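Inspection log for the structure reproduced underneath, given as structure tokens.
From a predicted model like this one, the values you see are computed outputs, not experimental measurements.
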Amino acid sequence: LVPPAPQCELAVIYTGALAPEALEAHALLLEDVPEAGLLAVTSADVLHRDWRASGQASHVGQLLSGLAPDARLVTLVDGAPSTLSWIGSVHGHRLAALGVETFGQTGDLPDLYRTYRLDAEAVLDAAASLYA
């Protein structure tokens with residue numbers, strides 16, 4: 001959606017139904033990090049297979065190649081956080097992986113996303129924790 005600017009220091013990477021939360025968080029992050037990127041992953045397994053087969057020449061390798069060496073990544077998925085956590089290994093970037101690690105709650109989506117720390121505020125908190 002919003003390619004990271006050359007040498008940018010932060011990108012939010014999401015997959016699944018969390019697009020609105022990722023977009024909201026990204027818009028808020030732009031106030032402090034105007035060059036921040038926002039990347040949508042449409043198929044985590046295909047992206048991972050490509051990276052494993054092609055390394056730095058892979059699609060994700062090319063997308064993230066322009067990031068600063070010390071850039072931070074926040075991944076957001078409405079599933080297991082490990083689904084996208086490997087992306088930090090592509091170029092050795094520091095990463096915070098957000099996802100669902102417990103089950104059993106019922107409610108509407110905003111309440112559930114807040115409970116499971118998948119809302120825009122959680123993305124902002126995760127980004128801030130990477131700078132601590």
**Fill in**
Tested for side chain to side chain contact (heavy atoms under 4.5 Å, CB included) against V77, the lone hit among T15, L98, V41, V100 is T15
**Message:** As a test of understanding, state which of L84, L67, V90, L39 forms a side chain to side chain contact (heavy atoms under 4.5 Å, CB included) with L73.
**Reply:**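 The passing option is L67.
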To the nearest 0.5 Å, how far apart are [atom1] in [X] and [atom2] in [Y]?
{"X": "T115", "Y": "L109", "atom1": "OG1", "atom2": "CG", "answer": "11.5 Å"}
{"X": "L10", "Y": "R94", "atom1": "CG", "atom2": "CZ", "answer": "12.0 Å"}
{"X": "L124", "Y": "D32", "atom1": "CG", "atom2": "CG", "answer": "9.0 Å"}
{"X": "S89", "Y": "R52", "atom1": "OG", "atom2": "CZ", "answer": "9.5 Å"}
{"X": "E9", "Y": "Y131", "atom1": "CD", "atom2": "OH", "answer": "4.0 Å"}

So, for [X] and [Y], which heavy atoms are closest and what is the spacing to 0.1 Å?
{"X": "A127", "Y": "L29", "result": "CB-CD2, 4.0 Å"}
{"X": "E21", "Y": "L76", "result": "CB-CD2, 4.4 Å"}
{"X": "L30", "Y": "A36", "result": "CD2-O, 3.9 Å"}
{"X": "G16", "Y": "D78", "result": "CA-OD1, 3.9 Å"}
{"X": "A44", "Y": "T83", "result": "CB-CG2, 3.7 Å"}
{"X": "C8", "Y": "E35", "result": "CB-CG, 3.1 Å"}

**Message:** side-chain contact (heavy atoms from CB on, under 4.5 Å), that's the test. Do V74 and L130 meet it? Break it down for me.
**Reply:** CA-CA 9 Å; V74 178; L130 292 170; 3.9 Å; yes
**Request:** Dump the intermediate steps for side chain to side chain donor-acceptor pair (under 3.5 Å) on Y113 and E121, then the final yes or no.
**Result:** CA-CA 10 Å; Y113 287 167; E121 182 179 324; over 6 Å; no
Using a 3.5 Å distance criterion without hydrogens, assess whether the side chain of [X] forms a donor-acceptor pair with backbone atoms of [Y].
{"X": "H26", "Y": "V12", "result": "no"}
{"X": "H91", "Y": "G66", "result": "no"}
{"X": "S58", "Y": "G61", "result": "yes"}
{"X": "E101", "Y": "A80", "result": "no"}

**Request:** Is it possible for you to say whether L95 and W51 belong to one hydrophobic cluster, with membership spreading through side-chain heavy-atom contacts below 4.5 Å?
**Result:** yes
**Message:** Starting from L63, can I reach L47 by hopping between I/L/V/M/F/W/Y residues whose side chains sit under 4.5 Å apart?
**Reply:**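 They do not share one cluster, since no chain of ILVMFWY contacts under 4.5 Å joins L47 to L63.
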**Asked** If we only count heavy atoms from C-beta on, is the Y116 to D111 side-chain gap below 4.5 Å?
**Response**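 Not touching, per the 4.5 Å side-chain cut-off.
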**Message:** side-chain contact (heavy atoms from CB on, under 4.5 Å) for Y14 and L118? Distances and angles first, verdict last.
**Reply:** CA-CA 11 Å; Y14 74 93; L118 299 174; over 6 Å; no
**Message:** Run the side-chain contact (heavy atoms from CB on, under 4.5 Å) test on V123 and E24 for me, step by step, so that the C-alpha distance in whole Å, both residues' side-chain angles and the decisive distance to 0.1 Å come before the verdict.
**Reply:** CA-CA 9 Å; V123 175; E24 179 183 351; over 6 Å; no
